[in-house]
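Heads up, the thing below is written out as structure tokens.
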Amino acid sequence: MGALSTAVCCASTRCGEARRCPVSARQVTIRSVRVAVVAGPDGSCWLSELAEDGTSHGPVVRHDDFPAAVTAHDHGDVRWVWPATAAIYPALLRAGVRVGRCHDVALTEALLLGREGRLAEPASLAGAWSRLRGAAVPAVQAGQRPAAASRPGQDALFDPADPVFPDPRAALEALIAVHADQVRRIAADEHPGRFALLVAAESAGGLIAGEMGHDGLPWRADVHSDLLTGLLGQRPMAGMRPARLADLAARICDALGGPPVNPDSPAQVLRALAAAGVRVPSTRSHVLRGVDHPAAALLLEYKELARLHAAHGWAWLDEWVSGGRFRPEYVVGGVVSGRWATRGGGALQIPRVLRRAVIADPGHVLVVADAAQLEPRVLAALADDRAFAAAAGTGDLYEALAGAFGGDRAKAKVALLSAMYGGAGGEAGQLLAVLRHRFPLASKYVEAAARAGEEGRVVRSRLGRTCPPPSAAWRGLTSVPDEPGADEARAGRSLRARGRFTRNFVVQASAADWALVLLAGLRRRLAALSAPNAAAGAAAAHPENQPEGDGDTAARLVFFQHDEVIVHCQQALAGAVEAAVGEAAAEAGRLVFGPTPVRFPVTTAVVASYSDAK
DNA sequence: TTCCGTTGCGCG
DNA sequence: AAAGCGCGCAACGGAA
């Protein structure tokens with residue numbers, strides 16, 4: 001990489017003069033522009049326009065005001081190339097600035113490292129830059145899980161004390177070089193088009209995660225609190241049990257007869273049950289449901305309410321809900337399959353009973369969209385099994401398959417779930433045999449994935465996300481040659497567990513591919529929807545730059561959970577949003593799987609409260 | 001005191 | 001003998 005030339009312009013302006021700088025002037029005539037940008041000290045930034053392949057760049061420009069520079073340059077056709085959306089975007093959002101597209105170097109690096117079997121190495125710009133130069137790579141901290149290690153971290157921000165990047169210009173130079181290298185590595189994939197789509201979708205996911213965390217899910221704390229009071233009694237002092245739980249705990253002790261027992265302690269409950277003549281392997285709910293003892297029903301009731309209190313009680317409300325919004329922190333790619341995770345708040349485990357606290361603002365509605373039977377449909381598209389795909393071309397896949405299982409829809413469902421999850425208990429074995437006979441390609445697809453896992457190989461999703469390789473411990477345990485004994489059984493269990501993981505990975509991760517592409521397409525359509533006068537001028541193309549809060553009337557993605565998405569919008573926009581969801585789903589099917597008879601229907605419900613959906 | 005593995009259950 | 005998958009979070013209880 002040659003020396004960077006610098007053209008300092010609009011150094012002390014907001015967007016007015018910025019429009020005259022070389023980068024934005026040229027951008028008017030170029031369709032798809034990439035602009036590399038890094039944060040500098042005191043809210044400044046350094047940027048440079050890139051060629052599409054990233055191999056060359058224009059002058060380096062410094063701006064005093066990062067958000068203003070973004071506004072000046074983003075006319076809807078810019079793809080921002082930056083170190084990590086998670087580190088950069090929240091500040092832009094707080095400044096009222098949203099961007100259309102980006103290339104997230106850290107998320108992309110994590111995908112590439114996964115493909116290259118180097119998941120343990122840091123995916124940050126600093127890590128990628130070190131590898132590119134052949135320098136020592138900053139070590140991943142011991143005990144960190146690979147997923148955590150590959151998360152974009154603080155090191156993506158400009159830090160003057162960072163020895164890797166002594167100044168923003170060095171960081172920009174590294175960014176440009178790493179981006180060019182990533183473009184090369186993407187093109188070198190077995191399926192470069194698919195992998196490029198994965199990178200674009202993952203980057204869009206980063207933007208969406210930032211925006212959803214910023215906007216928040218509408219959440220009525222008063223409704224939530226009333227619900228808790230109704231179920232648990234008045235809010236207790238910190239550390240105390242609510243009245244209803246205290247009462248249940250006392251009745252459980254009475255029913256068991258012996259010394260006081262803490263129903264929160266499985267060990268104590270197990271001992272007390274044994275003393276009362278009840279022998280159970282655990283205190284799990286499904287076990288207790290089969291126990292004929294007065295304490296069992298009380299314990300079940302206690303466990304359900306205690307969980308609500310502990311996980312989503314008043315303390316949760318205090319910590320996570322403010323200003324009528326629940327604002328969790330989403331972690332894109334936080335799950336190896338490409339599903340999202342969250343940090344804090346448990347946004348992906350909201351109990352169904354609390355959905356009634358999710359209520360649209362006045363004059364607004366929630367459009368709740370759910371991809372129906374997503375994973376079996378994904379398997380149908382992956383396997384290219386004609387008979388199976390034909391069934392997946394209908395509204396109810398299981399019903400369409402029922403004929404092969406004596407007309408029993410439930411059996412068809414069990415067979416499918418067993419094929420995707422590796423289950424073989426009960427009647428599943430029999431049903432799997434039917435599936436293998438009637439839909440051989442669909443069976444072979446998951447069987448091949450399972451075999452790859454058992455042989456220690458990795459598998460990939462449709463768009464090319466790679467599963468982690470087996471651990472050294474797994475290899476040690478399973479490579480022992482025919483030594484009879486206890487270890488043989490353990491090795492066999494590990495082998496089959498790995499097989500179930502890879503078997504499920506190809507389906508779950510490909511479903512995540514589809515969902516991510518859907519999300520990106522929906523976001524693009526919502527932006528257009530929210531800007532009905534977009535043609536009137538650049539200002540109207542950026543309604544997201546309007547003040548937040550009550551003044552913000554745009555249709556917003558507010559929730560995403562694997563195969564379900566919620567949009568919060570004005571009542572009048574609901575129909576258009578529903579249509580946008582349908583279009584985005586169809587587009588995702590085409591982009592991810594190409595021509596296929598498989599349909600990916602999405603059910604939508606326009607509701608005031610999340611609890612009214614489904 | 002803090003740390004960590006286990007148990008159990010919420011979601012898909 | 002079989003065991004379907006993927007997560008996050010809270011509480012417990014023993015270890016350090």
Side-chain angles (χ1 to χ4, degrees), chain A residues 143 145 147-148 239 241 261-271 281-288 299-300 302-313 315-316 319-320 328-331 333-355 370-376 378-379 413-429 431-432 446 449-450 453 459 461 465 467-468 489-490 492-512 515 559-565 610 614:
Chain A
R145 286 162 55 250
R241 281 199 180 106
V261 56
N262 175 6
D264 288 321
S265 167
Q268 286 185 34
V269 171
L270 222 47
R271 277 196 297 273
S282 78
T283 63
R284 288 176 149 83
S285 295
H286 68 92
V287 172
L288 289 179
L299 278 165
L300 283 169
Y302 178 90
K303 283 158 87 81
E304 189 178 343
L305 293 175
R307 168 150 188 100
L308 179 65
H309 179 238
H312 290 93
W316 181 91
E319 185 174 354
W320 292 105
E329 187 184 353
Y330 294 92
V331 184
V335 180
V336 290
S337 65
R339 284 183 170 185
W340 292 11
T342 55
R343 237 183 327 253
L348 303 184
Q349 296 96 230
I350 298 170
R352 299 184 78 93
V353 66
L354 286 187
R355 292 183 180 183
D370 188 298
Q373 306 166 337
L374 178 58
E375 293 196 351
V378 163
L379 173 57
K413 184 173 179 176
V414 168
L416 252 296
L417 294 178
S418 300
M420 293 187 297
Y421 291 156
E427 60 172 348
L431 297 175
L432 281 175
V446 286
V459 293
S461 74
R465 192 184 305 269
C467 82
R490 267 186 73 199
R493 276 196 301 275
S494 295
L495 279 172
R496 285 187 291 276
R498 175 78 190 170
R500 285 195 301 277
F501 168 65
T502 50
R503 169 197 294 269
N504 183 247
F505 182 93
V506 293
V507 177
Q508 187 184 111
S510 298
F559 191 61
F560 170 54
Q561 186 178 33
H562 314 316
D563 60 0
E564 185 177 355
V565 59
Y610 188 14
K614 283 197 284 195

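The figures that follow rest on heavy atoms only: side chains count, while hydrogens, waters and symmetry mates do not. Numbers restart at 1 for each chain; the letters A, B, ... are given by sequence-line order, proteins then strands.
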Atom pair CG (A:Leu305) and CZ (A:Arg241), whose distance is rounded to the nearest 0.5 Å:
12.0 Å
Do the side chain of A:Ser337 and the main chain of A:Phe505 share a donor and acceptor less than 3.5 angstrom apart?
no
For a quick check of understanding: with a heavy-atom distance under 4.0 Å over all strands, which category does A:Gly422 fall into, base, sugar-phosphate or nothing?
sugar-phosphate
Is it the case that the side chain of A:Trp316 and the backbone of A:Gly345 share a donor-acceptor pair, with hydrogens and angles ignored and the cut-off at 3.5 Å?
yes
Between C1' on B:dC11 and CG on A:Leu354, what's the gap in Å once rounded to a whole number?
12 Å
Nearest-nucleotide comparison on DNA chain C, the residue closer to the 5′ end among A:Gly426 and A:Gln508:
A:Gly426
Could you state the atom-to-atom distance from CZ of A:Phe505 to P of C:dC7 in whole Å?
10 Å
Can a donor-acceptor pair be found, under 3.5 Å and without considering hydrogens, that links the side chain of A:Glu375 to the backbone of A:Val507?
no
Would one find a side-chain N or O of A:Arg500 under 4.0 angstrom from OP1 or OP2 of C:dC5?
yes
Just call it for A:Arg498: base, sugar-phosphate, or nothing, with non-hydrogen atoms closer than 4.0 Å on any strand.
nothing
In this structure, CZ of A:Phe560 is separated from CZ of A:Arg339 (nearest 0.5 Å) by 9.0 Å
I'd like to compare against my own output: the B/S/- annotation of nucleotides 9-16 of chain C with a strict under-4.0 Å heavy-atom distance to protein.
SSSSS---
Return the value, rounded to whole Å, for the distance between atom CG of A:Leu288 and atom P of B:dG8.
9 Å
Categorize A:Arg352 for me: base, sugar-phosphate, or nothing, with a 4.0 angstrom heavy-atom threshold over every strand shown.
sugar-phosphate
Nearest-nucleotide pick for A:Glu564, side chain only, options being C:dC5, C:dC7, B:dG12:
B:dG12
Rounded to the nearest 0.5 Å, what's the gap from NE2 on A:His562 to CG on A:Leu374? Could you check?
11.5 Å
Expressed in whole Å, how much space separates the C1' atoms belonging to B:dG10 and C:dA2?
26 Å
Would you mind telling me which of B:dG8, C:dG4, B:dC11 lies closest to the side-chain atoms of A:Gln561?
B:dC11
Report the distance from atom CE of A:Met420 to atom CG of A:Asn504, rounding to the nearest 0.5 Å.
8.0 Å
Output the distance between atom OH (A:Tyr302) and atom CG (A:Asp264), rounded to the nearest 0.5 Å.
3.5 Å
Which part of the nucleic acid, if any, lies within reach of A:Ile350 when heavy atoms closer than 4.0 Å are counted: base, sugar-phosphate only, or nothing?
sugar-phosphate
Would you kindly give the CD-to-C1' distance between A:Glu304 and B:dG10, to the nearest whole Å?
11 Å
Distance check: side-chain N/O of A:Thr283 vs OP1/OP2 of B:dG8, anything under 4.0 Å?
yes
Under 3.5 Å donor-acceptor, A:Gln561 side chain and A:Leu348 backbone:
yes
Where the side chain of A:Arg503 meets the backbone of A:Ala419, is there a donor-acceptor pair that is under 3.5 Å apart?
yes
On the nucleotide B:dG8, are OP1 or OP2 found under 4.0 Å from the side-chain N or O atoms that A:Lys303 carries?
no
Looking only at side-chain atoms of A:Leu417, point me to the closest of C:dG4, B:dG12, B:dG10.
C:dG4
Would you compute the distance between atom CZ of A:Arg355 and atom CZ of A:Phe559 and round it to the nearest 0.5 angstrom?
7.0 Å
Pairing partner of C:dG4 (Watson-Crick or G-U wobble, both distances under 3.5 Å):
none
The side chain of A:Arg284 lies closest to which of these nucleotides: B:dG8, C:dG4, C:dC7?
B:dG8
Between B:dG10 atom P and A:Leu305 atom CG, what is the distance in whole Å?
11 Å
Using atom NE2 of A:His286 as one end and atom P of B:dT7 as the other, report the distance to the nearest whole Å.
13 Å
Polar atoms only, N or O, under 3.5 Å: list the protein pairs with nucleotides 2-4 of chain B and their distances.
none

Using atom CG of A:Leu348 as one end and atom C1' of B:dG12 as the other, report the distance to the nearest whole Å.
9 Å
Look at the side chain of A:Ala341 and decide which nucleotide, out of C:dG4, C:dG8, B:dG8, has an atom nearest to it.
C:dG8
Contact class for A:Arg339 (heavy atom, under 4.0 Å): base, sugar-phosphate, or nothing?
base
Nucleotide nearest A:Asn504 when distance is taken to its side chain, options C:dG6, C:dA3, B:dC11:
C:dG6
Rounded to the Å, how far apart are A:Glu375 CD and C:dG6 P?
12 Å
Checking one value: the base orientation of C:dG4, syn if chi is within 90 degrees of 0, otherwise anti.
syn
